[in-house]
Structure formats: C-alpha cells, structure tokens
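Working notes, beginning with the structure itself.
Both ligands and their constituent atoms are indexed starting at 1 by order of listing.
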Amino acid sequence: MKIPIVRTLSALQKITREWRTANKEISVVPTMGALHAGHLSLVREAKSMSDKVIVTLFVNPTQFNNTKDLKSYPRSEEDDIKKLESFNIDLLYAPENHEIYPEGYATQISVSGVSEGLCGDHRPGHFNAVATVVAKLLIQTSANIALFGEKDYQQLHVIKRMVKDLDIPVRIVGCETIRETDHLAISSRNLLLSDKDRKRAPILAKTLMDAAKRIETGEPQKIVLEDSIKILRSSGFRSIEYLELRAESDLKVLEMVDEPARILASIYLGNVRLIDNVKVRFGNS
Ligand code: PAF
C-alpha cells in the first residue's frame, strides 16, 4: 500500500495534530535511510506498540566526521519506500535540510558522560550532532515512543540521557541487534566489505560472544579482553579503536563485573569500520 510521504514540518504537524486530538499513540523510528532488516525490525516493533507509526528519513550532515563519508553514504529512497510499503506505516517524514536546520540555526545539544570514551573518542562532535537531530525529530513528530537499535549502544544511551535531562515527553525503546545467520550484526556498512572480508567479519561477533561467556564464568576481564584483541588481530582485523567492557546501565568503566555489562568494540576490516556489542550477564539479568 502507498504510504503518505511528507517533506515539510507544517505538513507533518497538520497530520500529527489530528492524531493527537484523536488520542492516538504515535511511534517514531528515526533513520538515515538505506533501510535493512535492523531498521525493519524496529518498524515491526513500533507497529506492535502504537496506533500510528512514523519513519523519518534524514541523512543528517552534521553527524559525519568528514565530507567523503557523507557523500558516500548510501541513498536509496525509492527502495526504502518500497520496503516500508510492505509494513503499511502511517507516514514517512523525509524533510529537506532547511526543515531541520533553518537559516540562522545555532543550537547544539551536548550530552556529557555517556558520550565520552568509546566512539566518542574517535568521532569528535558526532554524539552532539546525533543528540541535536534526534531532539529535533522527537519534537517535530511529537511521538510518544521512539525506537532505536542496540547495535549503536552508546548512541542509545546518549539519546536516553538527553530525553531524560530535557524532559522530552517520549519513551525511548532500545531493540535487540539483528544479526545475519552467521551472527554478523546487520549494518549498511556490511555492503562495503570485500567478499573475503565479508567471510571474516562474523569473527567479530563470535569473539565478543565467546569473551562474554568467559567473563560470565568468572575469568578475569583483563585476560579475556586481551585474548579477544589477539584473536581479532590474527584474523585480519586492524586498527582496533576500542574493545572494552562497560556497565549496561550507564556505560561506566567496570573494574569487576558486579552488574549486567556489555563488551563493546569498534574495529576496521579493510577500510570498513565495524561496531558491535554483546551482553555480559550478571546474576539473573
Ligand atoms: O542511527 C542512525 O541512523 C542515526 O544516528 C539517527 C539516530 C537516525 C540520527 O540521525
């Protein structure tokens, strides 16, 4: 079924005002397009949770660390629309740049703490840009619920912190990472891998999953993480930006695992930067 597409804030707000007057619960799934099974699982979840589902499609220029990355970011609006049609969503909001950043735009949101370390150390300004655009999309759509993938685990924390601190009336829902059958976390970047690297890429998830199991059985995290780095290096991965264990609740550094945790990694295979994270259980978590 054809889905309504709006490109202006005024058209969006005309529709959402009617929905809110009719007491409809609205979910939003913010995306930068190039939709894959990970995004579509968020859409499926959104449909099960609310009366109306909005997907946003906006390639946010400010969150890229260089113009080459921004230019090469995959754009496939027609394909994205086809994929969304099979989910029968209620609205696609695909704003022009000036609907998000009108002339004279001068405001930035900066979330400290959870945005520091991990990806924050390697992508200066990235999380400020993400927090700012997500705040705008949440306010513009006036959604009650917003869904994000756990694959970008630090991003999810930054958004949760920002929404709490700014009293934005929306519930943030984090959804499990969707994986290929060989466990590789689904990402639009996977398409950039050479055939040889695509075969090697699942070693990342497997190494993190094995490390999580070892830590859960009480092995010292330092030894386990060092072993994981060795395995990845000898499997052809290079430039390990980080491979760290952090608390699941707030990403603080954990000297010992006495609460649920995550092992998070960012690493290059060829020229492709892959990120992934897995849960480390504690007690019954
Ligand atoms: O995860 C993404 O695709 C983007 O960072 C988001 C949340 C849509 C903001 O541009």
Subset of ligand 1 atoms that lie under 4.0 Å from at least one heavy atom of Val133: 9 (C), 10 (O)
Cation-pi, Tyr93 ring and Arg7 (6.0 angstrom, 45 degrees): no
SB check Asp227 Arg214 (cutoff 4.0 Å): yes
Heavy atom of the protein closest to atom 3 (O) of ligand 1 (residue, atom name, distance): Met32 CG, 3.8 Å
Ring centers of Tyr73, Phe64 separated by less than 6.0 Å: yes
Min N/O separation Gln155 to ligand 1 under 3.5 Å: yes
Salt bridge Arg273-Glu241, side-chain N to carboxylate O under 4.0 Å: yes
Euclidean distance, Ser235 OG relative to Lys230 NZ, rounded to 0.5 Å: 13.0 Å
Region of Thr31 that comes within reach of ligand 1 [heavy atoms, distance under 4.0 Å]: backbone
Nearest protein heavy atom with distance in Å, relative to atom 4 (C) of ligand 1: Gln63 NE2, 3.6 Å
